[in-house]
Amino acid sequence: MNVLLLGASGQVGRALLASKPPGWRILAPAKTEVDFLQPQSVADYLLQYSPQLVINCAAYTAVDKAETDTEQCVRINSGACEQLAKAATAADAVLIHLSTDYVFDGLLDRPYREEDSPAPTSVYGQSKWLGEQSIAANCAKHLIVRTSWIFDADSNNFVNTMLRLAASKSELRVVADQVGGPTPASSLARVIWHLARQSVERNGPWGVYHFSGQPFVSWYEFATSILTDAYRLGVIHRVPTITPISATEFGSPAFRPSNSRLNGSKIQALYGVAAADWQCELGKILESKARAVNSATDSDC
C-alpha cells in the first residue's frame with residue numbers, strides 16, 4: 001500500500017509514522033514540498049505519486065489567531081481540501097481526513113452524532129466545516145474523522161502546558177464549563193490505520209465518523225487528573241491550586257463549544273472501534289516522563 005501522509009510533523013502525523021503497518025510505503029512530504037497556501041501544489045504532488053491512500057492531518061489549528069487571520073485559515077482548511085479531494089478522485093485513492101468538534105456550536109445537551117447539523121461559531125470551526133463539505137462533494141471514497149482535545153507526550157498541547165505551568169505557578173485557573181473527550185494521538189493513529197485497512201478491503205462504508213477519548217471531562221477535571229497523576233509519579237514536585245473558572249472569565253478571542261462530546265457509536269458499529277481510554281494513555285505518557293526525570297536525577301548523582 002502506497003500512502004501519502006500530509007501533516008506528518010504534527011501530533012497525529014508523528015503517531016501515524018510510528019505505528020505504520022508493516023510493508024506499507026509512506027510518503028510524508030515536508031511543508032516546503034506541499035504548500036497548503038497554494039492548493040494546486042497539493043493536487044500536483046498527489047497526482048505525481050498516485051498513492052492508493054491519502055491521510056490528511058494537515059490543518060491551520062491556531063484557533064484564536066484564526067479570528068483575525070481568516071483568509072489564510074480558510075485557504076488551508078478549505079481551499080486546499082477541495083483540490084486534495086479532486087486529486088484523490090483522479091488517482092482513485094481513498095481519502096481519510098481529520099476534522100474537529102469545533103464544527104458544532106456545543107449547545108446540545110448530549111454527545112454529538114454524525115447526523116447532527118454543524119453550526120460552527122469560530123473561524124477555525126467554519127473553515128473545517130467548509131473543508132468537510134469540499135471533501136464530501138469531490139471525493140466519494142472519503143472518511144472524515146471528527147475528534148477532540150488531542151494530546152501526546154511531546155507537543156505543545158494541554159497536557160504539557162499544565163505540566164509546564166505547574167512547575168512555576170502556585171495557582172492555575174482552568175475552564176470548567178467546557179466538556180469533551182481528551183484523545184491520545186497514539187489511539188487516533190491506531191484507529192486511522194484500522195479504518196484504512198478495513199475501508200480499502202471492503203470499499204467503505206464511507207462518510208463521517210466520530211472518535212474521541214472517554215470518559216468525558218471538563219478542562220478543569222482533565223487538568224486535575226494530569227497534575228494529580230504527575231505528582232504521584234514524581235514528574236512534578238507539587239500540585240498547584242487548581243481553580244475552576246468559566247470560559248467567559250478565561251476570555252479567549254475564539255468561541256469554543258461548551259459541549260465537545262462526540263458520540264462514537266457509529267464507528268463502533270461499522271468498524272468495531274471503541275472509544276479511546278485517555279486515562280490509560282495519559283498514564284503511559286506520565287510514566288515515561290517520570291522515568292526520564294529519574295534518569296536525569298541519577299545522572300546528576
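On a predicted model such as this, the values are computed, not experimentally measured, just so you know. Hydrogens, waters and symmetry mates play no part in the numbers below; they use all other heavy atoms, side chains included.
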salt_bridge([X], [Y]) N-O dist < 4.0 Å:
X: R256; Y: D64; result: yes
X: K128; Y: E132; result: no
X: K284; Y: E287; result: no

May I ask you to check whether [X] and [Y] show a side-chain donor-acceptor distance below 3.5 Å?
X: S155; Y: N157; result: no
X: D101; Y: S148; result: no
X: Y112; Y: D105; result: yes
X: E171; Y: T243; result: yes
X: N56; Y: H97; result: yes

Under 3.5 Å: donor-acceptor pair, side chain of [X], backbone of [Y]:
X: T183; Y: G181; answer: yes
X: S134; Y: C81; answer: no
X: N138; Y: K86; answer: no
X: Q178; Y: S260; answer: no
X: N160; Y: N156; answer: no

Aromatic plane relationship, [Y] with [X] - under 30° parallel, 30 to 60° tilted, over 60° perpendicular:
X: W24; Y: W193; value: perpendicular
X: Y271; Y: Y209; value: perpendicular
X: W149; Y: W219; value: parallel

Flag the pair [X] / [Y] as yes when at least one side-chain heavy-atom distance between them is below 4.5 Å, and no otherwise.
X: V74; Y: S127; result: yes
X: S186; Y: S19; result: no
X: Q279; Y: P215; result: yes
X: E281; Y: I285; result: no
X: K31; Y: S9; result: yes
X: P29; Y: L4; result: yes
X: T161; Y: R164; result: yes
X: K289; Y: L163; result: yes

- [ ] Establish, for the pair R75 and Y60, whether the NZ or CZ atom is under 6.0 angstrom from the six-membered ring centre and no further than 45 degrees off its axis.
- [x] no
Please find the pair of heavy atoms, one from [X] and one from [Y], that lie closest to each other, and give the distance.
X: L227; Y: M162; value: CD2-O, 3.7 Å
X: C139; Y: T89; value: CA-OG1, 3.2 Å
X: P111; Y: D116; value: O-OD2, 4.4 Å
X: E67; Y: V123; value: OE2-N, 2.9 Å
X: R173; Y: E249; value: NH2-OE1, 4.0 Å
X: A87; Y: L46; value: O-CD2, 3.4 Å

Table please: side-chain donor-acceptor pairs of residues 228-242 below 3.5 Å, with sequence neighbours left out.
{"unit_1": "T228", "atom_1": "OG1", "unit_2": "T224", "atom_2": "O", "d": "2.7"}
{"unit_1": "R238", "atom_1": "NH1", "unit_2": "K169", "atom_2": "O", "d": "2.9"}
{"unit_1": "R238", "atom_1": "NH2", "unit_2": "K169", "atom_2": "O", "d": "3.3"}

Does atom [atom1] of [X] have more than 12 heavy-atom neighbours from other groups under 6.0 Å away?
X: K65; atom1: NZ; answer: no
X: N203; atom1: CG; answer: yes
X: F158; atom1: CZ; answer: yes

Open item on the list: How long is the straight-line distance from OG of S187 back to CG of D152, given to the nearest 0.5 Å?
Closed with: 11.5 Å
Open item on the list: Working note: V191 + L195, criterion side chain to side chain contact (heavy atoms under 4.5 Å, CB included); need CA distance, chi angles, decisive distance, verdict.
Closed with: CA-CA 6 Å; V191 168; L195 293 179; 4.1 Å; yes
Task: side chain to side chain contact (heavy atoms under 4.5 Å, CB included) assessment of L98 paired with C57 - done: CA-CA 6 Å; L98 279 190; C57 301; 4.0 Å; yes
